[in-house]
Amino acid sequence: MRITQIRLVSQVFFISLFLFFCFVTQFGYLKGYPVSLFLEVDPLVGIATALTTHTVYQNLIWGLVLLLPTLLLGRFFCNWICPYGILHQFTGWLFNRRDITENIESNRYRKLYALKYYILFGMLAAALLGSLQIGLLDPICLLFRSFTVAVLPLVNLPTEWIYVRPHVHQVGWVVGFLLLFLVGMNIAIPRFFCRVLCPLGAALGLLSRFSLWRIHRDTQKCVDCDLCLQRCEGASDPHTNLRKSECFVCFNCIDDCPHDALKFEFLPDVKGEVSRPQLDARRSAVAALAGALVFPFSRGSGDVGKNFKKEVVRPPGSVAEPEFLERCIKCDQCIRVCPTNVLQPALLQSGLEGIWTPIMNMRTGYCELNCTLCGEVCPTGAIQKISIAQKLGLGEFADLGTVKVGTAFYDRGRCLPWAMDTPCVVCEEVCPTSPKAIYSREVEITDRWGQMVKLTRPYVDPQACIGCGICEHECPVADERAIRVTAVGETRSKDRSLLLSAAGGGGCGSGGCGCKSNKGLMQIEAPAQGPA
Amino acid sequence: MERREFLRRVGLTGLAVAGGAGGAAWLYDPRRGDQYFRDQQVSQAHKLPSFRVERPSGSVDLAIARGSDPGQLARAAIGALGGMGSFISKGDVVLLKPNVAFDRAPLLGATTRPEVLKAVAVLCREAGARQVLVADNPINQPEGCFFKSGLQQAAAEVGAELVLPRASAFAPVEIGGEVLGTWPMFWEPLARADKVIGIAPCKDHNLCSGSMSMKNWYGLLGGRRNQFHQRIHGIVSDFPHMIKPTLVLLDASRVLMRNGPTGGSLGDVAERGTLIAGVDMVAVDTCGYTLLNRDPARLEYLHRAEARGLGSTRWRESSWREEQVG
């Protein structure tokens with residue numbers, strides 16, 4: 001068996017594993033599967049979150065496992081494990097209509113391929129200041145997001161295999177067409193994403209210089225036929241001075257060499273090899289500067305601070321917004337696992353930094369009272385793993401109080417019993433807390449024809465309301481609901497609290513100043529009033 | 001130009017013209033606006049057959065079982081009505097309709113108890129049913145509701161098939177009620193069923209005061225159910241018109257006394273150790289409403305239904321039996 005065949009087996013295994021994880025990341029199938037494993041072993045996730053949070057969160061420690069083959073072999077991950085790389089290789093192969101000469105030409109190194117390093121530098125510089133943006137282009141985040149937001153809803157459309165009640169995802173078309181574009185670019189430039197854009201590939205490429213095994217060309221045997229280039233995945237120039245940082249360790253060149261001139265050798269002579277990516281110092285500096293400016297520019301826009309948007313209702317267990325943006329990698333695993341479809345990828349609701357981060361849209365779903373799945377699958381702790389008892393503030397968690405994601409407010413100009421003398425109170429019916437956060441008062445009014453009418457008019461008890469939004473979801477005023485949840489009152493942030501609480505430390509009060517004094521996960525709230 | 005070539009090219013152009021014109025003529029829509037919207041209203045609506053069975057004269061119509069074990073209560077009540085054999089024929093497909101509206105643990109009283117569902121399913125099997133279906137269209141997310149209410153496991157244990165409310169399972173049904181005209185229903189399980197048995201918990205309801213065997217049929221409807229609340233008593237009294245089930249069970253072994261229909265606290269639930277079965281939903285609910293410590297005379301939908309001849313609130317005047325279990 002040739003090594004390239006073994007590689008193929010590995011690729012089939014890992015893409016299947018990815019698809020399996022994608023499918024089982026839902027209520028009925030999740031069980032104990034480590035569905036975020038690919039994200040956890042992704043060292044770029046580990047490194048970048050270490051830069052933003054100065055910690056390595058839980059399973060992200062597994063990123064070390066992936067560094068090992070990189071330090072021994074090079075960018076082994078890119079062509080053996082990475083599901084996004086596998087997708088690109090497969091589609092590139094499927095739509096390849098080049099002849100041998102054209103293949104050889106398409107696989108020569110181009111200066112454009114250095115772009116990924118500048119992207120990486122920009123993202124790491126942003127991370128250093130506290131803005132985590134690697135998820136925009138990290139291949140694992142990008143692929144999970146694409147599947148969650150665009151591919152699975154597409155599969156479900158004719159088959160109903162994925163959801164019982166169909167899920168929708170706002171701006172899913174952007175994610176879908178982006179996927180189509182990135183995959184389609186393989187026709188113009190093979191492995192376009194991997195060679196040009198991938199920040200993870202760039203990070204692994206930088207580490208490749210230390211690797212012990214490398215492709216070595218025997219110049220005595222080589223006749224300069226360039227046939228080794230015809231299936232070179234990384235465009236790493238094995239026909240001349242190998243660019244180790246670009247090599248995907250796919251072994252195609254060794255397979256294709258008719259003269260047995262290429263070998264994968266332990267500690268070969270690296271003279272004449274281009275061990276490091278060829279980068280321009282000024283461009284690197286500009287990229288890093290641009291990345292570093294993301295933080296001051298976006299925080300200066302106020303979206304995280306005093307101009308925060310009411311729509312930014314984060315999943316239960318989320319950490320306070322500044323820290324959320326240090327942790328969320330936009331993988332959208334939470335959106336995938338959310339059983340009610342309430343979680344949606346944000347566009348600009350939470351500012352430039354928050355693109356594709358999860359926010360709640362109570363029109364598409366609601367937060368299920370007895371559910372904490374989003375935190376279960378979150379690989380970075382942007383949504384903490386909380387139990388249902390903790391979410392409800394029961395037992396040993398009573399001191400932490402109920403986790404509230406926001407508060408519901410009536411729009412009395414749109415509410416049927418308030419504005420239109422029409423009975424309703426669906427909101428009260430579905431309110432899941434006990435006692436209900438929505439209560440009603442009976443009133444007798446004279447309608448426009450002079451008739452006495454009895455009506456039940458609803459109110460919100462802000463102590464009991466957890467912001468789950470099922471009231472908004474079920475409200476019959478279908479477009480702009482007559483009861484709507486906004487972020488205020490969320491327990492993750494003292495700055496956004498609503499009621500004076502009995503205890504709990506305050507932040508500096510300015511909101512989003514970056515001060516860490518309100519970093520505590522959940523503030524201590526006075527317990528809600530007991531049932532009558 | 002050769003004649004053959006001439007004919008070929010003119011022929012091709014002619015075919016393209018004819019094809020285009022033919023296609024356009026076939027798809028041509030000359031309707032005026034009013035006709036368009038009228039046509040929209042006439043949809044291909046199904047009609048729901050009656051699932052009732054002939055009852056031998058002198059048979060018991062309402063049975064009240066009292067005791068502690070909910071499964072035994074169901075057996076006793078159905079036994080008192082003449083046994084499941086008097087409702088189910090050999091080879092029947094039986095649809096069981098529990099109330100699984102909310103994502104709640106069984107003991108919170110917001111959903112049908114799994115023990116009752118299992119007992120009824122086993123009785124159906126013993127009476128020769130070919131297949132037992134379990135279906136509901138919950139308010140909360142369906143998979144979560146079936147899982148946490150314990151009904152998914154209960155169905156699996158007795159070999160009943162769970163039918164989930166996928167979009168394709170719904171179809172418009174002509175109901176012709178006071179409020180409900182044609183409305184989308186969870187049609188797939190209904191279409192497959194020969195007999196339908198409703199198994200409802202007895203619950204407080206914030207708007208209509210009681211959610212019992214009549215209100216349970218809300219769960220077979222789709223569409224904009226959140227509009228029902230605007231005329232809730234009209235809607236609930238439409239249900240016995242909409243569906244004629246073979247049998248209904250009202251499980252009042254644990255009654256959700258307040259904070260309904262969702263509940264959420266054990267403090268909202270009271271042990272009442274009662275299960276009522278019958279063929280007249282109005283009678284069953286009149287009887288059951290007393291277990292909420294409330295006066296049936298004041299429950300509007302019961303009287304509306306009775307006035308429409310859809311059942312009787314005077315169950316004590318019919319043939320009924322009470323059984324003590326254990």
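To find a chain, count down the sequence lines: A is the first, B the second, and so on, and within it residues start at 1. The structure presented is a predicted model; accordingly, all values stated were derived computationally and were not measured.
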Undergrad: Do R104(B) and N370(A) make a side-chain contact, defined as non-hydrogen atoms from C-beta onward lying under 4.5 Å apart?
TA: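 Counting from C-beta outward, R104(B) and N370(A) do come under 4.5 Å.
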Undergrad: Do other residues, nucleotides or ligands put more than 12 heavy atoms under 6.0 Å from Y439(A) OH?
TA: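 Atom OH in Y439(A) is crowded, with more than 12 foreign heavy atoms closer than 6.0 Å.
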Undergrad: Relative to chain B, which segment of L369(A) carries a heavy atom at a distance below 4.5 Å: side chain, backbone, both, or neither?
TA: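 Contact with chain B involves the side chain of L369(A) alone.
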Undergrad: Using non-hydrogen atoms only, which part of Y163(A) is less than 4.5 Å away from chain B: side chain, backbone, both, or neither?
TA: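 For Y163(A), the backbone is the part near chain B, not the side chain.
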Undergrad: Looking only at heavy atoms, which two atoms of S434(A) and S265(B) are closest? And how far apart?
TA: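 Result for this residue pair: OG-CB, 3.2 Å.
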Undergrad: Side chains of Q141(B) and C338(A), heavy atoms from C-beta outward: is any pair under 4.5 Å?
TA: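 Contact flag for Q141(B)/C338(A) side chains = no.
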Undergrad: Nearest heavy-atom pair of C424(A) and H229(B): which atoms, and what distance?
TA: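 Looks like O-CB, 3.3 Å.
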Undergrad: So, for Q227(B) and P476(A), which heavy atoms are closest and what is the spacing to 0.1 Å?
TA: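 Nearest pair, atom of Q227(B) first, then P476(A): CG-CB, 4.4 Å.
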Undergrad: Within the supplied structure, the quantity of interest is the number of heavy atoms (other residues, nucleotides, ligands) at a distance under 6.0 Å from E157(B) CD; does it exceed 12?
TA: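 Counting other residues, nucleotides and ligands, CD of E157(B) exceeds 12 neighbours.
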Undergrad: As an exercise: rank A167(B), A169(B), A101(B) by heavy-atom pairs under 4.5 Å with chain A and give me the winner.
TA: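 Going by pairs under 4.5 Å, I would pick A167(B).
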Undergrad: Check whether R166(B) gets within reach of chain A through its side chain, its backbone, both or neither, counting any heavy atom under 4.5 Å.
TA: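 Contact with chain A involves both backbone and side-chain atoms of R166(B).
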Undergrad: Could you grab the distance from atom CG of N140(B) to atom CD1 of I470(A), nearest 0.5 Å is fine?
TA: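 With rounding to 0.5 Å, CG (N140(B)) is 4.5 Å from CD1 (I470(A)).
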Undergrad: Inspect the surroundings of CZ in R192(B) and state if more than 12 heavy atoms from other residues, nucleotides or ligands are less than 6.0 Å away.
TA: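 Above 12, so yes.
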Undergrad: What's the shortest heavy-atom distance between A478(A) and R224(B), and which atoms?
TA: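 For A478(A) and R224(B), the tightest heavy-atom pair comes out as CB-NH1, 3.9 Å.
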Undergrad: Would you say the side chain of E143(B) lies within less than 4.5 Å of the side chain of P339(A), judging by non-hydrogen atoms?
TA: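 Counting from C-beta outward, P339(A) and E143(B) never come under 4.5 Å.
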Undergrad: Of the backbone (N, CA, C, O) and the side chain (C-beta and beyond), which part of N137(B) lies under 4.5 Å from a heavy atom of chain A, both, or neither?
TA: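 Both backbone and side chain.
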Undergrad: At a 4.5 Å cut-off on heavy atoms, which part of S440(A) comes close to chain B: side chain, backbone, both, or neither?
TA: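 S440(A) has no heavy atom closer than 4.5 Å to chain B.
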Undergrad: Between the side chains of N206(B) and E428(A), does any donor sit under 3.5 Å from an acceptor?
TA: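 Yes, side-chain donor-acceptor contact under 3.5 Å.
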Undergrad: Does any part of the side chain of V426(A), heavy atoms only, come nearer than 4.5 Å to the side chain of L207(B), both counted from C-beta?
TA: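 No, every pair of side-chain atoms sits at 4.5 Å or beyond.
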Undergrad: Scan side-chain atoms only and decide if T262(B) and E429(A) contain a donor-acceptor pair under the 3.5 Å cut-off.
TA: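 E429(A) and T262(B) do not have a side-chain donor-acceptor pair below 3.5 Å.
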Undergrad: Using modelled atom types and a 3.5 Å cut-off, is there a donor and acceptor pairing between side-chain atoms of E474(A) and backbone atoms of N226(B)?
TA: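 Looks like no, no N/O pair under 3.5 Å.
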Undergrad: Under a 4.5 Å heavy-atom cut-off, does chain B meet the side chain of E368(A), its backbone, both or neither?
TA: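 For E368(A), the contact with chain B is made by the side chain alone.
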Undergrad: Using a cut-off of under 4.5 Å on heavy-atom pairs, state which of Q152(B), H205(B), R225(B) scores highest against chain A.
TA: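 Option with the top pair count is H205(B).
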Undergrad: Using a cut-off of 6.0 Å, state whether more than 12 heavy atoms not belonging to Y459(A) lie near its atom OH.
TA: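 Enclosed: over 12 neighbouring heavy atoms sit under 6.0 Å from OH of Y459(A).
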